[in-house]
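Reminder, nothing fancy here: chain letters follow the sequence lines and each chain counts from 1.
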Number of protein chains: 2
Amino acid sequence: MNQSKTPPHIPTQARTRIQRRNHSAILNAALDVFSAKGFRGATVDEIAQAAGLSKPNLLYYFPSKEAIHLQLLSGLLDVWLAPLRDLDPEGDPIPEILTYVRRKLQMSREMPRESRIFANEILQGGTHLGDTLTTALKPLVDEKAAVVARWRDTGRIADVHPYHLIFSIWSLTQHYADFDVQVRTVLGDEGADPYPEAERYLETLFTRMLTP
Amino acid sequence: MNQSKTPPHIPTQARTRIQRRNHSAILNAALDVFSAKGFRGATVDEIAQAAGLSKPNLLYYFPSKEAIHLQLLSGLLDVWLAPLRDLDPEGDPIPEILTYVRRKLQMSREMPRESRIFANEILQGGTHLGDTLTTALKPLVDEKAAVVARWRDTGRIADVHPYHLIFSIWSLTQHYADFDVQVRTVLGDEGADPYPEAERYLETLFTRMLTP
DNA sequence: CGTGTTCCTGACCATTTGGTCAAACATTCA
DNA sequence: TGAATGTTTGACCAAATGGTCAGGAACACG
């Protein structure tokens, strides 16, 4: 009957200092573990360890493993789509698109865990995302594809399919994060950082593709 | 002490009719389940059900879940690399590369399960593949990258980084299998088959990229 | 100090899951 | 037909895992 012990499950804005610290420690640890092992392969205990907490203690902050995963995913999509959101319809088409490519590649390099977690989720059918894809992703892509279509129809870029252009940017940039092992293996261990070459390659690719 | 009941674990060439049937039924079922749920997410029981067998019966044909996964993976790599293997150094460079792209895209469409299982494996760090990547994949890529480099150095194709060209072909073609859900969601449910458009797009992309 | 709240833990539980085994059932073939 | 060989299964096990809970420790604050 007592209404005590209300666990601070997902308080959005954590109240106490300890809450804030542990909350973010958990999310960060979960990012590590989920991105390395996938949702099923990750164990609550491992996440707790990585966050420096005991399993029950972690469950004190989040109601379930799935809740952690979910909060991670939803928090991610915004960050992930920011570069596309910033594509400026008033800007110079080709530089605008090249900037988008560059920013996306940069995110791949600096946030590979996020990229992998997302890839994993989509690979598995996006079941955890619910209708987020249709409500958040699709409208934005529709909007920006329309921008690209306008650029194309006014002859400012070469003839391209707007949606597939966007798909190609996604796939090419995220490839370096998601398939990191493969890339590094093929390039040999000597060639440490593939990103500078990748950036040059993608710049050339899209310049040649888009120049009228 | 009796040496009886030697289970026909991985007999490579199954002997009896039943063995052949069940063996391939298991592998096919495993392809379904592993590609849909990943290695950790897949359960032996589910694979057995999908193959029309009981779990112990499945374990009669394969010593472990991992063994099934492994046999699947190793059998896959050969098929997967065939198009690259067929890249002909004596052929016409641009048509040769376009053919490679087309075949790779076709495989994406016709074997999405295989593509996803592979993606999943690489995403997780390729731990199950052991050194297969360095012994089987790298040498082939090295060889074909050299071919591309020769074409480039003799001016038969435009200036490109051979390895990143190959990476871009992989990522662009497999994107349609691995991120199928995303692609379909963004394109809307009406536009059923994205592949014809994709093929046209990729043809244009690489033609513009490679024409000297 | 004392009291209420927040934080943390050891012990525990139910379920899932990979895998085993003895015995039953089927098939083959002499 | 019958014995050897091959196939299938129900019952079972041990380990892993997500999650609970009662109570103790730390902290905030009057």
Note, B:I122 side chain near B:L133 side chain (heavy atom, < 4.5 Å):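 Yes, their side chains come closer than 4.5 Å.
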
Side-chain heavy atoms of A:E114 within contact of A:M107, under 4.5 Å: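 With C-beta onward as the side chain, the pair stays apart.
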
Figure out the [atom1]/[atom2] separation between [X] and [N], and round it to whole Å.
{"X": "A:H69", "N": "D:dT17", "atom1": "NE2", "atom2": "C1'", "answer": "17 Å"}
{"X": "A:N22", "N": "C:dC8", "atom1": "CG", "atom2": "C1'", "answer": "10 Å"}
{"X": "A:L58", "N": "D:dT20", "atom1": "CG", "atom2": "C1'", "answer": "14 Å"}
{"X": "A:I18", "N": "C:dT9", "atom1": "CD1", "atom2": "P", "answer": "11 Å"}
{"X": "A:Q49", "N": "D:dG18", "atom1": "CD", "atom2": "P", "answer": "13 Å"}
{"X": "A:R17", "N": "C:dC7", "atom1": "CZ", "atom2": "P", "answer": "12 Å"}
{"X": "B:R20", "N": "D:dT7", "atom1": "CZ", "atom2": "C1'", "answer": "15 Å"}

Pairs where residues 126-143 of chain A contributes a residue and the test side chain to side chain donor-acceptor pair (under 3.5 Å) is met, not counting sequence neighbours: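 Every side chain to side chain donor-acceptor pair (under 3.5 Å) pair that includes a residue of residues 126-143 of chain A, provided the two are not neighbours, is A:E66-A:H128, A:K138-A:D142, A:D142-A:Y163.
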
Side chain to side chain donor-acceptor pair (under 3.5 Å) pairs, two or more places apart, involving residues 98-107 of chain A: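 Qualifying pairs: A:D86-A:R103, A:Y100-A:W170, A:R102-A:E203, A:Q106-A:E110.
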
Quick one: is [X] getting a side-chain N or O under 4.0 Å of the [N] phosphate, OP1 or OP2?
{"X": "A:T16", "N": "C:dC7", "answer": "yes"}
{"X": "B:N57", "N": "D:dG10", "answer": "no"}
{"X": "B:Q19", "N": "D:dG6", "answer": "no"}
{"X": "A:Y61", "N": "C:dT6", "answer": "no"}
{"X": "A:Y60", "N": "C:dC7", "answer": "yes"}

Set out, line by line, the N/O atom pairs under 3.5 Å between protein and nucleotides 17-20 of chain C.
unit_1, atom_1, unit_2, atom_2, d
C:dG18, OP1, B:A42, O, 3.3
C:dG18, OP1, B:K65, NZ, 3.0
C:dG18, OP2, B:V44, N, 2.9
C:dG18, N7, B:K55, NZ, 2.9
C:dG19, OP2, B:K65, N, 2.8
C:dG19, N7, B:K55, NZ, 3.3
C:dG19, O6, B:K55, NZ, 3.1

B:R40 atom CZ, neighbour heavy-atom count above 12 within 6.0 Å: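 For B:R40, atom CZ is not crowded (no more than 12 foreign heavy atoms under 6.0 Å).
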
cation_pi(A:K65, A:F34) dist<6.0 Å, angle<=45: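 A:K65 over A:F34 ring: no.
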
Smallest separation among heavy atoms of A:A42 and A:V33, with atom names: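 In this case the closest contact between A:A42 and A:V33 is CB-CG1, 3.5 Å.
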
